[in-house]
Protein chains: 2
Amino acid sequence: MKRKVTLKQIAKELDVSISTVSRALSNSKEIGEETRQKIQAFAKFYNYRPNNIALSLKNKKTKTIGILIPEIVHHFFSTVIRGIEIVANKRGYNVIIGLSNESFSKEVINMEMLANGSIDGFILSISKETLLQQDYHHFKETISQGIPIVMFDRVINEVDCDKVIVDDYKGSINAVKKLIATGCKNIALITTMDYVSVGKLRTQGYLKALEDHRINPKASLILKLDDSLALEEHLDILEREIEQFFKNNDKIDGIFAVNELYAVTAMKVARKLDFRIPEDIQVIGFTDGVLSKHARPSLTTVSQHGQKMGEQAANLLIDRLELDDEEDDVYVDENEIDMDFKTVVIETELIERESTK
Amino acid sequence: MKRKVTLKQIAKELDVSISTVSRALSNSKEIGEETRQKIQAFAKFYNYRPNNIALSLKNKKTKTIGILIPEIVHHFFSTVIRGIEIVANKRGYNVIIGLSNESFSKEVINMEMLANGSIDGFILSISKETLLQQDYHHFKETISQGIPIVMFDRVINEVDCDKVIVDDYKGSINAVKKLIATGCKNIALITTMDYVSVGKLRTQGYLKALEDHRINPKASLILKLDDSLALEEHLDILEREIEQFFKNNDKIDGIFAVNELYAVTAMKVARKLDFRIPEDIQVIGFTDGVLSKHARPSLTTVSQHGQKMGEQAANLLIDRLELDDEEDDVYVDENEIDMDFKTVVIETELIERESTK
DNA sequence: TGTCAACACGAAAACGTTTGCGTTGCGGAT
DNA sequence: ATCCGCAACGCAAACGTTTTCGTGTTGACA
């Protein structure tokens with residue numbers, strides 16, 4: 001077992017000083033040709049690599065991004081991670097991942113854990129519990145410590161930071177308009193409780209589209225489901241709820257669901273009740289994942305382009321980090337420092353498949 | 001912007017030495033009651049938290065696990081990550097993620113990047129390209145540097161380390177036996193090229209099950225597909241390949257596919273060709289993911305219990321890391337050190353759904 | 001021969017911790 | 001008055017780097 005070789009060991013072995021070794025390896029002109037060659041050869045032979053931790057300590061930057069998300073077994077989130085990782089890697093950063101599991105306390109713990117020097121900045125999507133409690137002190141404290149945050153998808157206005165979102169509102173409007181345009185008269189909405197910002201916005205988009213076409217929304221056509229029903233254990237309950245919803249509204253000819261699972265389950269129920277898709281009922285979901293592509297019939301969805309979101313978020317964060325670097329040199333008035341946080345909106349795309357005409 | 005406070009700052013402010021502050025905060029008996037109180041109060045007020053990087057440098061351990069996987073937008077892998085994260089978190093570790101994207105060079109780069117002090121150990125699944133090239137020097141070097149590795153799912157015999165695998169062989173045998181037991185006479189196998197170890201093992205399981213029932217395997221009933229067909233862009237090609245396969249073998253009454261996608265696609269094709277499932281053709285897939293649950297009909301699969309694999313892998317790694325700690329104290333003969341690497345086998349489970357009788 | 005650059009390198013600080021050991025002051029025992 | 005012990009704290013090393021500021025040795029030049 002040959003442990004990693006350090007500058008000190010090389011120095012000792014070659015009977016020079018540590019500083020000489022360091023300089024020789026960085027090709028400093030201050031070191032004589034002969035010594036430099038000798039040191040470089042030795043270092044290469046022993047496969048010397050500078051210790052990241054020591055560098056982090058010295059440079060006060062870790063070249064690591066902390067990702068904090070509610071859940072990882074989730075097509076959308078993993079897509080975002082991939083986007084982040086690709087950009088991070090390209091720009092010389094690593095990513096460290098924390099899962100909040102939709103829990104406020106885990107989110108806080110994880111943040112504090114990583115904020116103590118482990119990372120240079122955060123990219124995160126807020127947990128449902130946090131959204132519900134509306135307690136955002138951990139975000140604000142982190143930012144006030146000089147650690148930048150980029151939020152994506154589930155964001156809030158209360159915290160000043162860069163954000164990357166999808167235009168849930170507009171995406172929903174387009175989806176519902178598509179249903180209207182293809183002849184739907186009674187469009188149902190299957191959504192979540194309002195505290196999840198994205199659910200709320202999508203609901204608003206649904207209403208707006210109806211309004212634009214002078215269609216009166218009916219409360220009976222809106223099904224608000226508890227989030228816990230999205231869990232795999234409660235699939236049957238979810239199915240029953242939706243089935244009941246169908247039986248209460250026999251005129252439904254279009255469905256807009258705020259996520260993939262609701263949409264697919266609705267299709268399942270519809271077929272069970274002998275509706276034909278898309279002839280009798282058309283269905284559109286939000287979030288383009290694996291289910292949509294492989295469902296039977298395949299599902300028309302509003303795609304969020306998760307990977308692009310991740311890439312944008314990573315670029316925003318790294319841009320800010322490296323901008324901060326420069327400002328360490330030049331003195332900049334703290335109050336004048338870029339309070340111009342950006343909110344990047346990723347365009348949604350309606351991916352038409354078999355569940356619509 | 002109030003930057004993080006350090007021991008030095010506290011010491012200066014309270015006019016004591018750094019060591020006194022450090023000791024006071026760790027409740028050392030050596031520090032006078034009064035001073036201790038004062039320091040603790042001050043530290044609490046300024047929300048002092050020790051800097052992780054400094055601790056890592058001093059302790060020569062980062063309390064961070066490196067995960068290296070081929071792909072993250074993948075139900076199985078993300079499940080494993082969740083398992084790892086849960087255990088890691090519970091035991092005080094963080095996880096840092098690197099994606100090889102099935103590329104050998106990215107795998108190597110990522111490893112070297114993280115091996116330079118950033119992590120204490122690796123949990124990884126080998127990329128296809130690495131498997132194909134059979135170049136495992138980076139694993140061996142990492143291990144010889146004293147950084148332990150735990151491999152999962154895609155493992156190799158050539159490297160000595162802990163491993164967590166699923167019994168692909170046995171799982172496949174059971175699946176195929178189930179098909180045989182329910183009356184299938186002509187069972188087709190849809191698999192990948194042999195260099196991916198799991199594909200190979202699953203193929204062997206298929207053959208073994210047939211052999212046990214004195215059924216002669218027919219080459220025409222085995223479809224080996226190129227991996228690239230699993231990509232989403234090539235879904236149509238995949239479908240055509242499978243359709244052609246069906247047309248060449250009109251007697252197929254059972255299908256065993258080595259992954260979920262192949263199985264679901266096969267079902268799609270079968271229905272298109274007017275076969276009834278499970279009456280005419282029964283289908284079983286490997287890897288229990290989202291598709292299996294929501295496919296129509298829902299798919300009987302061999303579940304790999306990814307989360308459990310992740311948990312086991314994390315426990316194996318951390319156990320070894322913390323065992324190494326103790327051995328730093330007591331002197332242990334290097335040659336006698338535990339060469340007893342474990343290979344944990346996670347039992348597969350046949351989850352029966354609608355695609356089988 | 002004395003002066004001064006240029007060259008080649010070393011010492012030490014700094015990043016933030018922990019910890020072994022040394023030091024100070026003081027009270028009590030002899 | 002002397003010595004010992006102990007309480008309470010400081011010094012400094014160590015982890016592995018980079019970098020600023022020396023410092024010594026050359027050689028050239030006047």
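We name chains A, B, ... by the order of the sequence lines, and we start the count at 1 in each one. Every value quoted in this text rests on a predicted model; they were computed, and no experiment measured them.
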Legend entry - Options C:dC15, D:dC11, C:dT18, nucleotide nearest the side-chain atoms of B:Ser17: D:dC11
Legend entry - SB check B:Arg82 B:Glu311 (cutoff 4.0 Å): no
Legend entry - Pair A:Glu107, A:Asn101: side-chain N/O donor-acceptor within cut-off below 3.5 Å: no
Legend entry - Interface with DNA chain D, restricted to residues 21-30 of chain A and to heavy atoms under 4.0 Å: A:Ser22, A:Arg23
Inset, instruction - Anything under 30° is parallel, anything over 60° is perpendicular, the rest tilted; go ahead and classify B:Tyr136 against B:Phe139. - result: parallel
Inset, instruction - May I ask you to say what A:Arg36 touches in the nucleic acid, namely base, sugar-phosphate or nothing, with a heavy-atom cut-off under 4.0 Å? - result: nothing
Inset, instruction - Name the nucleic acid region contacted by A:Lys58, choosing base, sugar-phosphate or nothing; use a 4.0 angstrom heavy-atom cut-off, strictly under. - result: base
Inset, instruction - In whole angstrom, give the distance that lies between atom CD1 of A:Ile39 and atom P of C:dC9. - result: 8 Å
Legend entry - Interatomic distance, A:Tyr48 OH vs D:dG16 P [rounded to whole Å]: 10 Å
Legend entry - Distance, rounded to the nearest Å, where A:Ile53 contributes CD1 and D:dC15 contributes C1': 11 Å
Legend entry - Closest to the A:Ser19 side chain, choosing from C:dC15, D:dT17, C:dA11: C:dA11
Inset, instruction - Describe the nucleic acid contact of B:Ile18 in one word from base, sugar-phosphate, nothing, applying a heavy-atom distance below 4.0 Å. - result: base
Legend entry - Qualifying salt bridge (charged side-chain N to carboxylate O under 4.0 Å, His left out) pairs, either residue in residues 42-53 of chain A, two or more places apart: none
Inset, instruction - Would you indicate whether A:Lys90, at its atom NZ, is surrounded by more than 12 heavy atoms from other residues, nucleotides or ligands within a distance under 6.0 Å? - result: no
Legend entry - Side-chain donor-acceptor pair present, A:Asn51, A:Lys4, cut-off under 3.5 Å: no
Legend entry - Options D:dT18, C:dC15, D:dG10, nucleotide nearest the side-chain atoms of B:Thr20: D:dG10
Legend entry - Under-4.0 Å salt bridge between B:Glu33 and B:Lys38: no
Inset, instruction - Output yes when A:Asp162 and A:Arg320 qualify as a salt bridge under the 4.0 Å nitrogen-oxygen rule, no when they do not. - result: yes
Legend entry - Option from A:Leu114, A:Ile67, A:Ile143 for which side chain to side chain contact (heavy atoms under 4.5 Å, CB included) with A:Phe122 holds: A:Leu114
Inset, instruction - Would you indicate, yes or no, if C:dT17 has its OP1 or OP2 atom less than 4.0 angstrom from a side-chain nitrogen or oxygen of B:Lys8? - result: no
Legend entry - Nucleotide C:dA8, atom P - distance to CD of A:Gln37 in whole Å: 13 Å
Inset, instruction - Rounding to 10 degrees, work out the angle separating the end axes of the helix from C:dT1-D:dA30 to C:dT30-D:dA1 (five pairs an end). - result: 90°
Legend entry - Distance in angstrom units between A:Lys60 NZ and C:dA14 P, rounded: 13 Å
Inset, instruction - Ignoring backbone atoms, establish whether A:Thr35 has a side-chain N or O less than 4.0 Å from OP1 or OP2 of C:dC9. - result: yes
Inset, instruction - Round to a whole Å and report the spacing from CG of B:Leu57 to P of C:dC15. - result: 14 Å
Inset, instruction - Return the value, rounded to whole Å, for the distance between atom NZ of B:Lys12 and atom P of D:dG10. - result: 16 Å
Inset, instruction - Using a 4.0 Å heavy-atom cut-off across all strands, classify A:Leu7 as base, sugar-phosphate, or nothing. - result: base
Inset, instruction - Check the side chains of A:Ser22 and A:Ser19 for a donor-acceptor pair under 3.5 angstrom, ignoring hydrogens and angles. - result: no
Inset, instruction - Select from A:Val16 and B:Ala54 the residue whose nearest nucleotide in DNA chain C is closer to the 5' end of that strand. - result: A:Val16
Legend entry - Interatomic distance where CD belongs to B:Glu33 and P belongs to D:dA7 [whole Å]: 14 Å
